[in-house]
Amino acid sequence: MFSSGAYAPVEGYFMRILFSLIAALLFTSHAVAHEHETEQLHIDHPWSRATPPNAPTGAVYFIIYNHGSQVDRLVSAETPVAESAQLHATVERNGMLGMQHMEEGTDIAVKGELRLEPQGNHLMLMGLKQPLVAGQQFPLTLHFEKAGDVLVQVSVQADAPDASAHKHQH
Ligand SMILES: [Cu+2]
């Protein structure tokens, strides 16, 4: 217990406490449903499904409405909880569902919307640095061509926010 070998787990323990503290500090009053607004864009309830320990990836979902007069483009995103965040399209090839990295990002048409949702397009968190724990939030920066950088808070949930309202879900 007092050997140097015990040091690494202790360090891991402190890191977990540190992450918990950061998560607690980031936990804001609008924990249930929340939204973010820019001049043109309305970003509705960013959320992520809780992950098991040591999961390598996670996914973030939200809906962006463009109520402005210009097409905008979600170019990329980043978060401190993962090595990278990639926009993935879910595509069907020969009856099989697969994921495709949208490296150029994706447009949000005037009066249009971008839906990232389970079984559909999503923001994939690659190289998760910590488990995503239900009830916590983490920061995510979205890079838009026109709106610039928008910082949002992602709510981690055990289940989809309104699963019962989506009859098409499996
Ligand atoms: Cu993916």
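One-based numbering, in listed order, for ligands and for the atoms of each. What you see is a predicted model, and the numbers here were worked out from it, not measured in a lab. Starting from 1, each residue takes its place in the sequence as its number.
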Legend entry - Side-chain heavy atoms of V152 within contact of F62, under 4.5 Å: no
Legend entry - CD on E145 to CD1 on I108, rounded to 0.5 Å: 10.0 Å
Legend entry - Contact list for residues 90-126, test ring pair (Phe, Tyr, Trp, His ring centres under 6.0 Å), sequence neighbours left out: H88-H101, H88-H122
Legend entry - Side chain proximity check, L142 to I43, heavy atoms < 4.5 angstrom: yes
Inset, instruction - Scan residues 65-76 for pairs that pass side chain to side chain donor-acceptor pair (under 3.5 Å), counting only residues two or more places apart or in two chains. - result: E37-H67, R73-D107
Inset, instruction - Please indicate how many protein N/O/S atoms are found closer than 2.8 Å to the Cu ion (ligand 1), with waters neither displayed nor included. - result: 4
Inset, instruction - Write out all pairs satisfying salt bridge (charged side-chain N to carboxylate O under 4.0 Å, His left out) with one or both partners inside residues 74-103, taking only residues at least two apart or from two chains. - result: none
